[in-house]
Number of protein chains: 2
Amino acid sequence: MNENARISRIQKGKRTEIRRENERVILEAAEKVFAEAGFGGATMQLIADMAGLPKANLHYYFATKEDLYRRVVQNIFEIWLHAADSFDNAAGPAEGIGAYIEAKMEISRRHPFGSKVWASEVMHGAPVIQDYLETTLREWTDGRMAVIQRWIDAGLMAPVNPRQLLYMIWATTQHYADFGHQIETLNAGKPLTDRQWRDATETVKSVILRGIGVLV
Amino acid sequence: MNENARISRIQKGKRTEIRRENERVILEAAEKVFAEAGFGGATMQLIADMAGLPKANLHYYFATKEDLYRRVVQNIFEIWLHAADSFDNAAGPAEGIGAYIEAKMEISRRHPFGSKVWASEVMHGAPVIQDYLETTLREWTDGRMAVIQRWIDAGLMAPVNPRQLLYMIWATTQHYADFGHQIETLNAGKPLTDRQWRDATETVKSVILRGIGVLV
DNA sequence: AATTTTGTTGACCGGTTGGTCAGGTTGTGG
DNA sequence: CCACAACCTGACCAACCGGTCAACAAAATT
């Protein structure tokens, strides 16, 4: 048996497939339940029911409720950080910040449950991911602040406090996920349409970009 | 006994005083515990300990955990609505929206626990205050949107979607309460100083006001 | 085909939680 | 000073929750 065949077998083996699929189903159910009930309000039984598995099976893949929760939070954090790719290779603030806002709005739309879990985690004092905040997030923030400061120094945008600007972007974009229920209620109880999402994105972009002196 | 004497006695009676004071202490403790642990994670025992009362005493004043929670949520909702007073008798958007942002930032600073409870309630689908969203909040929103629209029609500000503008103000201001822990962590673990709160308020105000074409 | 590893699950358990209640204490009106 | 109402609380309970485990099934390995 050569190396390729072995790798192929490992990746395609039924065992591996079962594990991957079950973990996926469990994490998806957990994300939803944690988002809708909070960590304390969520029960392993509820997650199991939503995943269509016996509760004992959950504990086979994830030792404890906290382990499962940690994985859910880490998943959304990864997505969150990736949105920064828009930021990096941008020529100036109009392009960079505009693309970042669009990326974050897209995340709010496609991962509303993950966003809520993250918000909930932070609101409760980040008991699980405090170390991420102090290391990865801090470095990430410092890096983007430096980019914004360079744009300001180059006269490409108004001298707005870069940190506060990032907070404003985070707040406005995540609002559409975290407070989605309120927004839906004020929208006659109906989810936002494609057009409404585009309008919201455009409004956020235009107000912020004009607010930092990039648009006229 | 005349009417005045009776009212005076009722308001000053020790019984009334005891009830009012105990309810106040319990609500204050409950707000903090619900904010830090969520509804599901909060326990009556924890609230009782923080209030310095036996658990059974809590159930004397508030029949169920849900009753207590409902009162906490209603309290913050009242404060929330009152911030709109800044909006109403304003000559134009610079004054009205500026004052509203300041009022909401002040609420985020002075009632961080209440803000978090409100956010948590909405994030979880507003199980307790859904009717408020559909009645009071909707009317409130429609009213302010009309005011903003009049300003736009009068040429006092750029034609920004009034609804999205309100959402942006809610999001940016409440962010400082709901994500206060994250902001504090990124601030070297220290709470914002007076000066930093003023800076944050000014940045939010200037970016939004410039963003809607009110500032140059 | 035998053996080992991995996956599956109903039944069970100790600990915690929201809520109750009986019996006591304190304040109030007559 | 008496009777009634409001307030207080230790002890208790049924329900539920996270987690365990033994016994079994299925797949992989030899």
Side-chain angles (χ1 to χ4, degrees), chain A residues 1-3 5-27 29-30 33-34 36-72 127-128, chain B residues 1-27 29-30 33-34 36-73 127-128:
Chain A
M1 184 191 301
N2 66 30
E3 190 67 9
R6 191 148 62 89
I7 288 175
S8 169
R9 183 172 46 72
I10 288 173
Q11 287 177 341
K12 285 187 172 178
K14 197 164 183 182
R15 278 276 153 72
T16 311
E17 187 52 42
I18 288 176
R19 173 169 282 271
R20 182 166 42 196
E21 175 62 11
N22 279 346
E23 286 186 354
R24 193 189 62 78
V25 169
I26 293 170
L27 284 169
V33 173
F34 282 133
E36 288 175 350
F39 179 81
T43 69
M44 294 298 271
Q45 187 61 62
L46 210 63
I47 296 171
D49 291 348
M50 185 152 297
L53 295 170
K55 191 185 68 162
N57 210 344
L58 261 68
H59 280 100
Y60 176 73
Y61 288 103
F62 300 91
T64 67
K65 184 184 177 186
E66 200 175 311
D67 282 345
L68 178 53
Y69 175 75
R70 183 175 287 114
R71 279 284 299 273
V72 171
V128 165
Chain B
M1 182 193 303
N2 67 30
E3 191 67 11
N4 282 345
R6 190 148 63 88
I7 288 175
S8 171
R9 183 172 47 72
I10 288 172
Q11 288 177 340
K12 284 187 171 179
K14 196 164 183 182
R15 277 275 156 74
T16 311
E17 187 53 40
I18 287 176
R19 172 169 282 272
R20 182 166 42 197
E21 175 63 9
N22 279 346
E23 286 186 354
R24 192 189 63 77
V25 168
I26 293 170
L27 284 169
V33 173
F34 282 133
E36 289 176 348
F39 178 81
T43 70
M44 294 298 270
Q45 187 63 60
L46 209 63
I47 296 171
D49 291 347
M50 186 152 296
L53 295 169
K55 192 185 67 162
N57 209 346
L58 262 66
H59 281 99
Y60 176 73
Y61 288 103
F62 301 90
T64 68
K65 184 183 176 184
E66 199 174 312
D67 282 345
L68 178 53
Y69 174 75
R70 182 176 287 113
R71 279 284 299 275
V72 170
V73 172
V128 165

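Since this is a predicted model, take the numbers as computed values, not measurements. Protein chains get the first letters and strands the later ones, always in sequence-line order, with residue 1 at the start of each.
Sorted by residue number, the members of residues 41-53 of chain A with any non-hydrogen atom under 4.0 Å from DNA chain D read A:Ala42, A:Thr43, A:Met44. Within residues 58-66 of chain B, the residues that place at least one heavy atom under 4.0 Å from DNA chain D are, in residue-number order, B:Tyr60, B:Tyr61.
Residue A:Arg19 places at least one side-chain N or O under 4.0 Å from the OP1 or OP2 atom of C:dG7. Residue A:Asn22 has a polar side-chain atom (N or O) positioned under 4.0 Å from OP1 or OP2 of C:dT8.
In this pair, B:Tyr69 and B:Phe34 present their aromatic rings perpendicular. The plane angle is above 60°, beyond the 30 to 60° band.
Closest approach of A:Ala51 and A:Ile26 over heavy atoms only: CB-CA, 4.3 Å. Contact detail for A:Val72 and A:Ala30: the closest heavy-atom pair is CG2-CB, 4.0 Å. The nearest pair of heavy atoms linking B:Ala48 to B:Pro54 is CB-C, 4.1 Å.
At whole-Å resolution of the value, CG in B:Asp67 and C1' in C:dG18 are 12 Å apart. The interatomic distance linking A:Glu23 (CD) with C:dT6 (P) rounds to 14 Å, in whole Å.
Side-chain proximity of B:Lys14 to the nucleotides D:dT9, C:dT28, D:dC7 is greatest for C:dT28.
Within the 4.5 Å cutoff, side-chain heavy atoms of A:Leu27 are placed close to those of A:Leu68. With a 4.5 Å cut-off on side-chain heavy atoms, B:Leu46 and B:Met50 do not count as touching.
Checking B:Arg71, B:Arg70, B:Lys65 one by one against B:Asp67, the salt bridge (charged side-chain N to carboxylate O under 4.0 Å, His left out) holds for a single residue, B:Arg70. Only one option out of B:Arg19, B:Arg20, B:Lys14 pairs with B:Glu17 in a side-chain hydrogen bond (donor to acceptor under 3.5 Å, both in side chains); it is B:Arg20.
In terms of position along DNA chain C, the nucleotide closest to B:Lys55 lies nearer the 5' end than the nucleotide closest to the other residue of the pair B:Ile18 and B:Lys55.
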